[in-house]
J.: 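Sharing a structure with you now.
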Amino acid sequence: MERPRHQGMAKNTYMRWRLPLVCLLCEVAMIVLFGVFVRFGPEADAHWEEEKKEMNVTSDIENDFYFRYPSFQDVHVMIFVGFGFLMMFLKRYGFGAVGFNFLLAAFGIQWALLMQGWFHSFKTGKILIGVENLINADFCVGSVCIAFGAILGKTSPLQLLVMTLFQVTLFAVNEYILLNLLHVKDAGGSMTIHTFGAYFGLTVTRILYRPNLEQSKDKQGSVYHSDLFAMIGTLYLWMYWPSFNSAISEHGDAQHRAAINTYCSLAACVLTTMAFSSMLQKKGKLDMVHIQNATLAGGVAVGTSAEMMLTPYGSLIVGFICGIVSTVGFVYLTPVLESRLHIQDTCGIHNLHAMPGLIGGIVGAITAAAATEDVYGKEGFIKAFDFTGSYKTRTPSVQGGFQAAGIFVSLVMAFAGGALVGGILKLPIWGDPADETCFEDDIYWEV
Amino acid sequence: MERPRHQGMAKNTYMRWRLPLVCLLCEVAMIVLFGVFVRFGPEADAHWEEEKKEMNVTSDIENDFYFRYPSFQDVHVMIFVGFGFLMMFLKRYGFGAVGFNFLLAAFGIQWALLMQGWFHSFKTGKILIGVENLINADFCVGSVCIAFGAILGKTSPLQLLVMTLFQVTLFAVNEYILLNLLHVKDAGGSMTIHTFGAYFGLTVTRILYRPNLEQSKDKQGSVYHSDLFAMIGTLYLWMYWPSFNSAISEHGDAQHRAAINTYCSLAACVLTTMAFSSMLQKKGKLDMVHIQNATLAGGVAVGTSAEMMLTPYGSLIVGFICGIVSTVGFVYLTPVLESRLHIQDTCGIHNLHAMPGLIGGIVGAITAAAATEDVYGKEGFIKAFDFTGSYKTRTPSVQGGFQAAGIFVSLVMAFAGGALVGGILKLPIWGDPADETCFEDDIYWEV
Amino acid sequence: MERPRHQGMAKNTYMRWRLPLVCLLCEVAMIVLFGVFVRFGPEADAHWEEEKKEMNVTSDIENDFYFRYPSFQDVHVMIFVGFGFLMMFLKRYGFGAVGFNFLLAAFGIQWALLMQGWFHSFKTGKILIGVENLINADFCVGSVCIAFGAILGKTSPLQLLVMTLFQVTLFAVNEYILLNLLHVKDAGGSMTIHTFGAYFGLTVTRILYRPNLEQSKDKQGSVYHSDLFAMIGTLYLWMYWPSFNSAISEHGDAQHRAAINTYCSLAACVLTTMAFSSMLQKKGKLDMVHIQNATLAGGVAVGTSAEMMLTPYGSLIVGFICGIVSTVGFVYLTPVLESRLHIQDTCGIHNLHAMPGLIGGIVGAITAAAATEDVYGKEGFIKAFDFTGSYKTRTPSVQGGFQAAGIFVSLVMAFAGGALVGGILKLPIWGDPADETCFEDDIYWEV
């Protein structure tokens, strides 16, 4: 690199000792904590052979593995290939997109198994895990992948590991407040994953604001092939989103319904995205950025309500709206966010996750508030919202109120947490790149 | 583009108002029709909790979701990634291949849910949908993706939407005639999907014949990377084809058998494709076009018979033959179709879908005609061909005759429908590209 | 090609008659042998309708298809996309990597169905196949794909077919000795697939040693895009490995447990790979070769023990170690293997499969030897190790000894078999490329 360097010159991006040290420390900590806390859940433990008899389970097919494993694998693909390849659109940051996503997700799922385990699967001193925990860990990491999208190309792998450590922790706390304290439904994570993850990431990137980022503006675009790689990510996210939104729903009709609603919403979203992508351009040509991202907004926006009786046409309406909101966001909002609010959002997560996530939370609140025993059936109604125990007397409209409170809590956690973590990441010890070397693989990779 | 333009100069490919208008109109129509007609089927409805008890269903795992959802996801991948990437072999049409395929499929599945729903899932004024409907919608759209292969690079997105609208409609009618009126078996769609889709597309491209297409001949080839992207499509189609052919078969042995037969047929097909690809070239080198396409012919050709007792070696024989037929078609037939019959078949769907589809129909008719109670077992025989109710007395040889009639009906529908739709697409209002700008992304895409 | 050619000049790489002849002969042989021997197993046969009643099977969902088909499809993707794309890292050998892998695997699965069928599914003169056989055939071919990695770029498609023929045969014999004679557990194939496949391939490449290979050194590296394609392979192997290791485990808790252990091991492996990739380089930058390969070593190394009570933290430890061993191997061992032992290992399978495979065998032996009724439960203990019939009295420590013997047998079979097959492949009749045209697609492909 012979071209002159500005204030970034002094930046030390040498990773040789810092990155290995942090990776190894993290992994050793995981091993110790797993050794102390994590054990197989009853359906993955060899004792199941006996437990089956006690529980009067007549067939191995009743093991939760067979209800959820196919969905788990789809979700797994979304996290590692979906996010990893979607972020490959940058012309010179393919290794960083897929490689750093791989690193942070591999660490994040371990830490999430622990954090979520302590909150949700802790029994007699041990965290008992099964396939549902694996899905939840992937979900939790999904929110980190989302936040990564905002700071893509501007951070070191070390910063990403630190962010993952904190974000997973905050995610688990937020999730606990929503699911356990507020008794909110959010199976596909419009609030816990998308709203939280996106506003967290946007806050972090705001704090890491780089006023001279135009120095690497030429590298912020895509080339023909990088856009085709990104479409791999887009399509896997789009195709498997029905699995995402149904993965942890109740067995039976709820999983079935969540998949159908998501399928419908996503289909509608593609058409309005195409329409507005063409309409908002003078030349009327389609823009790959919109196709890669806004087509997915429909999946985000039924994350809360997919397992409810949203109905197929309700899903179409949500998808219809979100394709428009998201595409319009890319065209009009993203530039303003950068110029006015100093939010540099590399992947446009505000359009794909933040706004559709909020819409998803609101749609969920409305759908819950509108629920009736007539629509759900007497037993289905209780099962759908888990109106049992101390929630036996909760009414749909109260549930709707709590759902809305869940959006609010997620936002507060995202802003506060993002500010805290952004501050930590601003410390000059993590080896982040200089402005003129952002969006470039050869800082951290042998190319 | 400074180079001189010929007769195409006057073509108006400006999409800014036309494409958005059609997309939005279509989607609004879908919302209205879904609102009036589409509801959750019993296994996706919250009332299932009560229905289960009435039906004496003892476990949630009996929900059709768990029988078919993994296959559904595989089929979904075939439609969006399989077809989308297979068509990416053109050097400058990657965005169009994957993007337009995305658009037409997303619209098509919605329209297919309605059309197929009215014919097959209409109860007391409502279409009741479940996972099997999602698969069937994907199947229906598969036939449109096939037809798209013939006109790839020569059509506007508007034309594709119009074609999808009509082809889905005709597909549903044809399917109804075959499955309901003729009581024909065609679980993997050799007739309904491949024969119909391919001859429909070939008829359309015949009518849209462009005598001066050699003006864009240089863009009709592939480059190294575009061939690698296309192999992603090929492999996903190849690997998931067992799911395709088994996705809507009866629960149990039929699904199991369909997957095995398809696996065998496809394996054999690879070897004869490689053999003939090398043999038919002076230099003896393998041709990527054949590997990308002819290796899949074996899956097409057991589409009707895979769920029958075709047997593994029967499948190998079918795959063996189809690898040869398809490769020979690429080398000798495709050039003749263009020069003599004026059929410009961009992807060679005649070799991959039309001929193998016909073979598949015939193999299905023979396999059905050869069925005996000895081979199927008394109950298995009745179940396999659904010889119940008014079909109680139908014999295998009569069934074989009806199967053959199904091929004939599919062909007639394809030719007549293709001629009609081709005529409509020829209208000068859809913004199709001039001859010299065919196979080029930058007409419709920001590049 | 105008540059001068050396001793390779005389090499005849013309495939036109040889390749088609061998392909067609192989396929005809398959058809004849399938015709004589292969039939549907009871759960895929139309008689199942009656058999269900006899066996008191109350639901179609009890069909093995529903227990294993999703895992089968994941394994299928690993073999064809996983291996095919992982080997695409070479800058000019993408067609060969994915295309030859396709050819050898398509042939190999057919031959494996027969070979494994004779040993394991032979009943009253027929091989009865079901979904488990399809998985096992894919597994068997996996070992050939591994060996292919060692000789990638240096062999003709003919040599690969010949190698597949012999290696599948030897694999089936070795597998029979281990599983049936030694009564060893190896569900994920640390010994049968990885150790055997890797040392077999390394022996073959040793015998095919090319002292002047530096003539094509410039083509042995990767380019930016080829590395991104390779990451598709890596990620699919990584994501679906839990399916690989659990695919043929016992129904219920064993499949569940195997998936969890593999998930954990792989996650840990990513962190130590990243750590050592950075640490072992002066500049501290990450090396794509390590990320593409060493991150997978954790999956290999729990192949034997994943279905046992290895526990999540045990899995983390195994993954931790293997990421280090594998990365260190790439940096220090691979160059030495070539310079000292004349083993030219194109993909570094020694680091990804050989060493982790051995570790996996040892971990399996230790985990088996350490098993207690306390940990597994009385019935779980018997079920986990199948201590029934003539193995009723076998103790864990004896089982551990037999497991260790399994490693030894696999190594002996690999070395002896590799030497034999290497000798056969050295015959000057198979059309292998000259040294200066290695790693180049245009010898065997139209480019």
Side-chain angles (χ1 to χ4, degrees), chain B residues 59 61-62 66-67 70-71 74 224-225 227-228 231-232 235-236 238-240 242-243 251-257 259-260 263-264 266-272 274-276 278-279 281-288 291 295 309 311-313 316-317 320 375-381 383-384, chain C residues 14-17 19-21 23-24 26-28 30-31 34-35 38-40 43-50 52 59-61 63-66 69-70 73 76-77 80-81 84-85 88 94-95 98-99 102-103 106-107 109-110 113 129-131 134 157 225 229 232 442-447:
Chain B
S59 166
I61 198 88
E62 296 289 335
Y66 302 103
F67 286 89
S71 310
D74 294 350
Y224 198 69
H225 281 108
D227 270 328
L228 295 180
M231 277 305 289
I232 297 176
L235 287 176
Y236 274 100
W238 192 90
M239 297 179 304
Y240 286 165
S243 299
H251 293 172
D253 57 290
Q255 280 198 293
H256 203 150
R257 190 161 58 243
I260 295 172
Y263 177 95
C264 289
L266 285 163
C269 194
V270 174
L271 272 93
T272 51
M274 294 273 182
F276 275 73
S278 170
M279 199 196 294
Q281 282 236 329
K282 260 198 189 153
K283 289 186 264 173
K285 294 184 182 184
L286 296 164
D287 189 329
M288 259 295 168
I291 312 308
T295 51
M309 289 292 282
T311 74
Y313 71 89
L316 291 188
I317 294 171
F320 187 96
V375 169
Y376 286 76
K378 203 174 155 65
E379 291 181 50
F381 178 75
K383 194 184 169 197
Chain C
Y14 193 63
M15 283 287 119
R16 189 166 181 192
W17 300 114
L19 180 62
L21 195 74
C23 282
L24 294 176
C26 284
E27 195 52 53
V28 169
M30 290 301 113
I31 290 175
F34 269 61
V38 181
R39 297 293 178 273
F40 293 122
E43 293 178 290
D45 193 288
H47 283 93
W48 197 56
E49 205 54 31
E50 284 150 17
K52 259 195 316 189
S59 165
D60 282 319
I61 197 88
N63 194 304
D64 196 35
F65 183 77
Y66 302 103
Y69 189 73
Q73 274 296 356
H76 217 39
V77 171
F80 291 88
V81 162
F85 275 73
M88 239 188 221
F95 292 3
V98 73
F102 196 12
L103 172 62
F107 168 58
I109 53 179
Q110 298 176 59
L113 279 176
I129 66 173
V131 64
L134 305 189
H225 281 110
F229 278 115
I232 297 176
D442 66 4
I443 303 303
Y444 302 117
W445 297 87
E446 285 290 317
V447 178

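Worth knowing before you read on, the calculation uses all heavy atoms, side chains too, and leaves out hydrogens, waters and symmetry mates.
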J.: Where does B:Phe320 contact chain C at under 4.5 Å (heavy atoms): side chain, backbone, both or neither?
T.: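 Only the side chain of B:Phe320 comes within 4.5 Å of chain C.
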J.: Can you tell which of C:Lys52, C:Met88, C:His225, C:His76 has the highest number of heavy-atom pairs within less than 4.5 Å of chain B?
T.: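 Among the listed options, the one with the most contacts to chain B is C:His76.
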J.: At a 4.5 Å cut-off on heavy atoms, which part of B:Leu266 comes close to chain C: side chain, backbone, both, or neither?
T.: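 Neither part; nothing is under 4.5 Å.
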J.: Answer whether the closest heavy-atom distance between the side chains of C:Met30 and B:Leu271 falls below 4.5 Å.
T.: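 No, too far: nothing below the 4.5 Å cut-off.
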J.: Do B:Tyr263 and C:Ile129 have side-chain heavy atoms sitting under 4.5 Å apart?
T.: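 SC-SC contact between B:Tyr263 and C:Ile129 ruled out.
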J.: Would you say the side chain of B:Val270 lies within less than 4.5 Å of the side chain of C:Phe107, judging by non-hydrogen atoms?
T.: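 Not touching, per the 4.5 Å side-chain cut-off.
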J.: Assess whether side chain to side chain contact (heavy atoms under 4.5 Å, CB included) is satisfied between B:His251 and C:Ile61, documenting all intermediate values.
T.: CA-CA 8 Å; B:His251 293 172; C:Ile61 197 88; over 6 Å; no
J.: Please work out which of the three classes, parallel, tilted or perpendicular, describes the rings of C:Phe102 and B:Trp238, given edges at 30° and 60°.
T.: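 The arrangement is perpendicular - the two ring planes meet at more than 60°.
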J.: Of the backbone (N, CA, C, O) and the side chain (C-beta and beyond), which part of C:Val447 lies under 4.5 Å from a heavy atom of chain B, both, or neither?
T.: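 Side chain of C:Val447 only, per the 4.5 Å heavy-atom cut-off to chain B.
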J.: Considering only heavy atoms, which portion of C:Ile232 lies under 4.5 Å from any heavy atom of chain B: side chain, backbone, both, or neither?
T.: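 The side chain, not the backbone.
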J.: Most heavy-atom pairs under 4.5 angstrom with chain B, which of C:Val38, C:Val81, C:Asp64, C:Leu19?
T.: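 Answer, by heavy-atom pair count under 4.5 Å with chain B: C:Val81.
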J.: If you measure from CG on B:Leu286 to CG on C:Leu103, what distance do you get to the nearest 0.5 Å?
T.: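 It is 8.0 Å, given to the nearest 0.5 Å.
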J.: Should C:Phe40 and B:Pro312 count as side-chain neighbours, where that means a heavy-atom distance under 4.5 Å?
T.: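 Heavy-atom side-chain distance check passes, below 4.5 Å.
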J.: Might you point out which heavy atoms bring B:Leu316 and C:Glu27 nearest each other, and give the distance in Å?
T.: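 Minimum heavy-atom contact is CD2-OE2, 4.1 Å.
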J.: Evaluate the criterion side chain to side chain contact (heavy atoms under 4.5 Å, CB included) for residue pair C:Tyr66 and B:Gln255; output intermediate values, then yes/no.
T.: CA-CA 10 Å; C:Tyr66 302 103; B:Gln255 280 198 293; 2.5 Å; yes
J.: For B:Met274 and C:Cys23, work out which heavy atoms get closest and say how close.
T.: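 Taking B:Met274 first and C:Cys23 second, the nearest heavy atoms are CB-SG, 4.3 Å.
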J.: Tell me, out of C:Phe85, C:Tyr14, C:Tyr69, C:Phe95, who's got the most heavy-atom pairs with chain B below 4.5 Å.
T.: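 Between C:Phe85, C:Tyr14, C:Tyr69, C:Phe95, the count favours C:Phe95.
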J.: Test side chain to side chain contact (heavy atoms under 4.5 Å, CB included) on C:Phe65 and B:Asp253 and set out the steps.
T.: CA-CA 8 Å; C:Phe65 183 77; B:Asp253 57 290; over 6 Å; no
J.: Which bit of B:Tyr236 is near chain C, if near means a heavy-atom gap under 4.5 Å: side chain, backbone, both or neither?
T.: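 The side chain, not the backbone.
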J.: Begin with the C-alpha distance, continue with both residues' side-chain angles, and end with the deciding distance and a verdict on side chain to side chain contact (heavy atoms under 4.5 Å, CB included) for B:Thr311 and C:Phe34.
T.: CA-CA 9 Å; B:Thr311 74; C:Phe34 269 61; over 6 Å; no
J.: If every non-hydrogen atom of B:Ala267 is compared with every non-hydrogen atom of C:Ala106, which pair is closest and at what distance?
T.: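 Scanning both residues completely, I find the closest heavy atoms to be CB-O, 3.6 Å.
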J.: Between C:Asp45 and B:Met309, is any pair of side-chain heavy atoms under 4.5 Å apart?
T.: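 Touching, per the 4.5 Å side-chain cut-off.
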J.: What part of B:Cys264 lies closer than 4.5 angstrom to a heavy atom of chain C: side chain, backbone, both or neither?
T.: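 B:Cys264 touches chain C through side-chain heavy atoms alone.
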J.: Taking every non-hydrogen pair under 4.5 Å, which of B:Gly252, B:Gly284, B:Gly380 racks up the most with chain C?
T.: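 Top count of heavy-atom pairs under 4.5 Å with chain C: B:Gly252.
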J.: Report the option among C:Gln73, C:Met15, C:Glu43, C:Arg39 that has the most heavy-atom pairs separated by less than 4.5 Å from atoms of chain B.
T.: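 Highest number of heavy-atom pairs under 4.5 Å: C:Gln73.
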J.: Quick one: which of C:Phe80, C:Trp48, C:Trp17 has the most heavy-atom pairs under 4.5 Å with chain B, could you say?
T.: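 Ranked by contacts with chain B, first place is C:Phe80.
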J.: Tell me, side chain or backbone of B:Ala268 under 4.5 Å from chain C's heavy atoms, or both, or neither?
T.: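 Both the backbone and the side chain of B:Ala268 come within 4.5 Å of chain C.
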J.: Give a yes or no answer on whether the side chain of C:Arg16 reaches the backbone of B:Lys283 with a donor-acceptor pair at less than 3.5 Å.
T.: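 Checked: no pair found.
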J.: Please rank C:Pro157, C:Pro70, C:Ser59 by heavy-atom pairs under 4.5 Å with chain B and give me the top one.
T.: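 Counting heavy-atom pairs under 4.5 Å, the top option is C:Ser59.
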J.: Please determine, among B:Met231, B:Glu62, B:Met288, the option with the most heavy-atom pairs under 4.5 Å with chain C.
T.: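 Most pairs with chain C among the choices: B:Met288.
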J.: On a heavy-atom basis, which atom in B:His256 and which in C:Asn63 lie closest, and how many Å separate them?
T.: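 Result for this residue pair: ND1-OD1, 2.8 Å.
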J.: Drop me the distance from C:Tyr444's OH to B:Lys285's NZ, to the nearest 0.5 angstrom.
T.: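 Taking OH in C:Tyr444 and NZ in B:Lys285, the distance rounds to 10.5 Å.
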J.: Kindly compute the distance separating NE2 (C:His47) from CD (B:Glu379), expressed to the nearest 0.5 Å.
T.: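 Between C:His47 NE2 and B:Glu379 CD, I get 10.5 Å after rounding to 0.5 Å.
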J.: For the residue pair C:Ala44 and B:Ile260, what are the closest heavy atoms and their distance?
T.: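 Heavy atoms only, the tightest pair is CB-CD1, 3.7 Å.
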J.: So which part of C:Asp60 gets closer than 4.5 Å to some heavy atom of chain B, the side chain, the backbone, both or neither?
T.: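 It is both, since atoms from each part get that close.
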